[in-house]
*Asks:* 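If you scroll down you'll find the structure; I have some questions about it.
Side chains included, hydrogens not; waters and symmetry mates left out as well; all remaining heavy atoms used. First the proteins, then the strands, lettered A, B, ... as listed; each starts at 1.
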Amino acid sequence: MDRERAEAIVDRIRRIPEGMVTTYGELDPAAPRFAGNVVAHCPPGVPWHRVVRADGSLAQGERQRRLLEQEDVPFNGSRVDLAEALVPGEELARISLD
DNA sequence: GTGATGACGGAAA
DNA sequence: CTTTCCGCCATCA
């Protein structure tokens, strides 16, 4: 199985800084569906709430909304303000885990 | 092996 | 702006 790819995606999610978010498409542009499946199966301790849809809408509705608001993620109505909080995949690769 | 499904994305209407 | 439809990769029945 492609545990390698899944692990790589999870690894990127871990690098998302607090108050920022990324999209499934940025995690794996070639297979956003797979990314979603990975996030859905992600192990505990992973900030999955920082992963939103390409248009900034939330996949887990209110539950996710609360976690994001809690980290001061900028919202634009009921969607995340990607212009301010989106972290491109390239940036994720450069950010360190701390 | 075939077909349906998903925490998706983008284009078209 | 919203809704609809098709395409994408991998997993599961």
*Asks:* Grab the CG-C1' distance between A:Asn37 and B:dA4 for me, whole Å please.
*Replies:*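 Taking CG of A:Asn37 and C1' of B:dA4, I get 14 Å after rounding.
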*Asks:* Mind listing the closest non-hydrogen atom pair of A:Arg15 and A:Leu97 along with its distance?
*Replies:*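 Heavy-atom minimum between the residues: CG-CD1, 3.1 Å.
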*Asks:* Over how many whole Å does the gap from A:Glu62 atom CD to B:dA7 atom C1' extend?
*Replies:*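 One finds 16 Å between C1' of B:dA7 and CD of A:Glu62, rounded.
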*Asks:* Hydrophobic clusters here meaning ILVMFWY residues chained together by side-chain heavy-atom distances under 4.5 Å, can you tell me if A:Leu58 and A:Val39 are in one?
*Replies:* no
*Asks:* Rounded to the Å, how far apart are A:Gln64 CD and B:dA7 P?
*Replies:*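 Rounding to the nearest Å, CD of A:Gln64 and P of B:dA7 are 12 Å apart.
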*Asks:* In whole angstrom, give the distance that lies between atom CH2 of A:Trp48 and atom P of B:dA7.
*Replies:* 12 Å
*Asks:* What contact category does A:Ala30 fall into here, base, sugar-phosphate, or nothing, at under 4.0 angstrom with non-hydrogen atoms?
*Replies:* sugar-phosphate
*Asks:* Indicate yes or no: does A:Arg94 engage A:Glu91 in a salt bridge with an N to O separation below 4.0 Å.
*Replies:* yes
*Asks:* Scan residues 68-88 of chain A against DNA chain C and write down, sorted by residue number, each residue with any heavy atom closer than 4.0 Å; if none is found, say none.
*Replies:*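 Those residues are A:Arg79.
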*Asks:* Just to verify, what does A:Arg63 make a salt bridge (Lys or Arg N to Asp or Glu O under 4.0 Å) with, not counting sequence neighbours?
*Replies:*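 Partners of A:Arg63 under the salt bridge (Lys or Arg N to Asp or Glu O under 4.0 Å) test: none.
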*Asks:* Please list each protein N or O that sits under 3.5 Å from an N or O in nucleotides 8-13 of chain B, with the distance.
*Replies:*
| from | atom 1 | to | atom 2 | distance (Å) |
| --- | --- | --- | --- | --- |
| B:dC8 | OP1 | A:Arg53 | NE | 2.7 |
| B:dC8 | OP1 | A:Arg53 | NH2 | 2.8 |
| B:dC8 | N3 | A:Arg33 | NH1 | 2.8 |
| B:dC8 | N4 | A:Arg33 | NH1 | 2.5 |
| B:dG9 | OP1 | A:Gly25 | N | 3.2 |
| B:dG9 | OP1 | A:Ala54 | N | 3.2 |
| B:dG9 | OP2 | A:Ala54 | N | 2.9 |

*Asks:* In the structure I gave you, are the side-chain heavy atoms of A:Val80 and A:Leu68 within less than 4.5 Å of one another anywhere?
*Replies:*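 Yes, close enough: below the 4.5 Å cut-off.
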*Asks:* Start with the C-alpha gap between A:Ile13 and A:Thr22, add the side-chain angles, then the distance that decides, and say whether side-chain contact (heavy atoms from CB on, under 4.5 Å) holds.
*Replies:* CA-CA 8 Å; A:Ile13 299 175; A:Thr22 193; 5.6 Å; no
*Asks:* Let me know, please, whether A:His41 or A:Ala31 comes out on the 5' side of the other along DNA chain C by nearest nucleotide.
*Replies:*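 This one resolves to A:Ala31.
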*Asks:* State the CZ-CD distance between A:Arg50 and A:Glu18, to the nearest 0.5 angstrom.
*Replies:* 5.5 Å
*Asks:* Could you check how far CZ of A:Arg5 sits from C1' of C:dT11, rounded to whole Å?
*Replies:* 13 Å
*Asks:* Give a yes-or-no answer on whether the side chains of A:Gln70 and A:His49 include a donor-acceptor pair shorter than 3.5 Å.
*Replies:*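 Looking only at side-chain atoms, A:His49 and A:Gln70 do not form any donor-acceptor pair under 3.5 Å.
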